[in-house]
Trainee: 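Here it is, the structure, as structure tokens.
Just so it is clear, the model here is predicted, and its values are computed rather than measured. By convention in this document, chain letters (A, B, ...) are assigned in the order of the sequence lines, proteins followed by strands, and residues within each chain are numbered from 1.
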2 protein chains.
Amino acid sequence: MLNMGSTSQDVSAPEAEGPGPGLAAADRTTRARIRDAALRRFAASGVDATSVRAIAGDAGVSPGSVIHHFGSKDALRVACDEHVAALIREQKRTAMAAGAGLDPLAAFRTYEEGPPLLAYLARTLTDGSPHVAELIDEMVRDAVDYMAQGEASGLLQPSEDPHGRAAVLMLWSLGAVVLHEHAERLLGVDLLGDPAATERYSLPAMEILGRGIFTPEADEQLRERVTEAYHDETGGRS
Amino acid sequence: MLNMGSTSQDVSAPEAEGPGPGLAAADRTTRARIRDAALRRFAASGVDATSVRAIAGDAGVSPGSVIHHFGSKDALRVACDEHVAALIREQKRTAMAAGAGLDPLAAFRTYEEGPPLLAYLARTLTDGSPHVAELIDEMVRDAVDYMAQGEASGLLQPSEDPHGRAAVLMLWSLGAVVLHEHAERLLGVDLLGDPAATERYSLPAMEILGRGIFTPEADEQLRERVTEAYHDETGGRS
DNA sequence: ACGCTCGTTGAACGCTTGTTTAAGATGCTG
DNA sequence: CAGCATCTTAAACAAGCGTTCAACGAGCGT
């Protein structure tokens, strides 16, 4: 393991700026190798079930070296969170510059510069990382803006609650990714993998998002009943 | 701790058949108390992060007693899976007998005989329990049947892929529950709690499921483009 | 060549984990 | 009462955990 630069311990990130993606091969900085190994292990088995020794083994270093570079396992986890968040933000920026997608789902389809990224997100969405939460909030804000544009251009219907609609769609999309194991069993689709091979998921999803599932008459009845139930304070169903 | 029955170690379950719910208070069989304590701990902190000693402490017994009753921590986890699955099946049966709901979401709204049940489900949906997987499959099958009835009665639109539609709706509903933490932050709604106080989630959801999000013209264009892209084998977008 | 810093390591520490074990309590049965 | 089965516990066990530490080697400015 040679020292391949002037300073290889730099907390700020001058490393993920090359043309290639941030999750390359086996060389790179020791620190980056450890982080990438941790990313994959965390994504595959969860943070608690992953030992520092396993990460060190994958990265080809000693357990002490992992601690030396990140201070603690928890700090390593935070570094992974920040790195994934930064990578996704970058990806989102380039995807946005390349041209708009079709729906909020399309935004996620571009998140596959490698399965580990989505897999890590699917894991950490459920164990409460502040950085991931901030990232989700940001994505919802962007979705609101983006859907307002779609509404203005006649692509999307207007909504009584634009923020609520964007948030629910985001929850559904992310939720499906988190439950990718069940999606694979139920639909035979790998939501973490190739976005071109997800039609068994995206076709039903687009059918629902296209016309809804209720008949227009049932929708109207439902809407009346719900609004009156929520506005009537004396008693919904007890 | 007195012995409060003839036999208090019975693997088959003659305990969850009373009129009251299965998650009662502090007395009951020692075995049941341990299982319920484990259920709450597992739901709150995850299985890996929960120690046998913590469960024993909550149940008011020694760690050895936990192992004596269940054999191992993993077997205790399986027992929790089976118990939750049985409880949800029972709840589903009674809800189905009481009268049909409005949509697949409504089926979940009835799953709150106490937050721990849904919380446990939200946890274990992501760490691959075979029993939970079987339960989900079963719920999707029921949803297909139920939605076929809705379709026949003019409530729901027909679908090109009834199983796919039901599965996607199930993934979305369960996914939102799994991401309840983000739902709370984004929408101010507790999806694990009182089903009467979830309008900030269910109103946007019903708006989407009612009319969809795309305008009819955009939907038609989208449908054409997608089907031709998937049917054209020479090359989707490269 | 010196001193200095830094990356790296293997060994060890303290702690928690799940589980085992031997012993004691309790109630039922003969 | 004796015998038995069951429940329960405190104590101990081995294993694995995250982390610390002292030592070593390499690069580098002076």
Trainee: Whole angstrom is fine here: how far is it from NE2 in H69(B) over to C1' in dT20(C)?
Mentor: 16 Å

Trainee: Think T30(B) has a side-chain N or O under 4.0 angstrom from the OP1 or OP2 of dT8(D)?
Mentor: yes

Trainee: If you find the nucleotide of DNA chain D closest to S51(A) and the one closest to G64(A), which residue's nucleotide is nearer the 5' end?
Mentor: S51(A)

Trainee: Atom CZ of F70(A) and atom C1' of dG18(D): how far apart are they, to the nearest Å?
Mentor: 16 Å

Trainee: The side chain of S62(A) is closest to which nucleotide in this list: dT8(D), dT9(C), dT19(C)?
Mentor: dT9(C)

Trainee: Got a sec? Which of residues 72-80 of chain A come in under 4.0 Å of DNA chain D, heavy atoms?
Mentor: S72(A), K73(A)

Trainee: Check P204(A) against D161(B) and note the closest heavy-atom contact, atom names and distance.
Mentor: CG-OD2, 3.8 Å

Trainee: Should the pair W172(B) and W172(A) be assigned to parallel (<30°), tilted (30 to 60°) or perpendicular (>60°) ring geometry?
Mentor: parallel

Trainee: Whole angstroms only, please: what is the CZ-C1' distance between R31(A) and dC6(C)?
Mentor: 15 Å

Trainee: Can you identify which nucleotide, out of dT9(D), dT17(C), dT9(C), has its nearest atom closest to the V61(B) side chain?
Mentor: dT9(D)

Trainee: What heavy-atom pair brings F42(B) and V47(B) nearest, and what distance separates the two atoms?
Mentor: CD2-CA, 3.7 Å

Trainee: I need the NE2-P distance between H68(B) and dA22(C), as an integer number of Å.
Mentor: 15 Å

Trainee: Counting heavy atoms not belonging to E138(A), are there more than 12 under 6.0 Å from its CD?
Mentor: yes

Trainee: From CD1 of I67(A) over to C1' of dC13(C), roughly how many Å is that when rounded to an integer?
Mentor: 14 Å

Trainee: Could you state the atom-to-atom distance from CD1 of I55(B) to C1' of dT8(D) in whole Å?
Mentor: 18 Å

Trainee: Grab the two heavy atoms, one from H180(B) and one from A122(B), that are nearest each other, plus how far apart they are.
Mentor: CD2-CB, 4.2 Å

Trainee: Tell me whether the side-chain N or O atoms of R53(A) pair up with the base of dG18(D) as donor and acceptor below 3.5 Å, since no angle test is needed here.
Mentor: yes

Trainee: Using 4.0 Å as the upper bound for N to carboxylate O, is an ion pair formed by D58(A) and R40(A)?
Mentor: no

Trainee: Given atom CG of D48(A) and atom C1' of dG18(C), what is their separation to the nearest angstrom?
Mentor: 16 Å

Trainee: Does any part of the side chain of C80(B), heavy atoms only, come nearer than 4.5 Å to the side chain of R77(B), both counted from C-beta?
Mentor: no

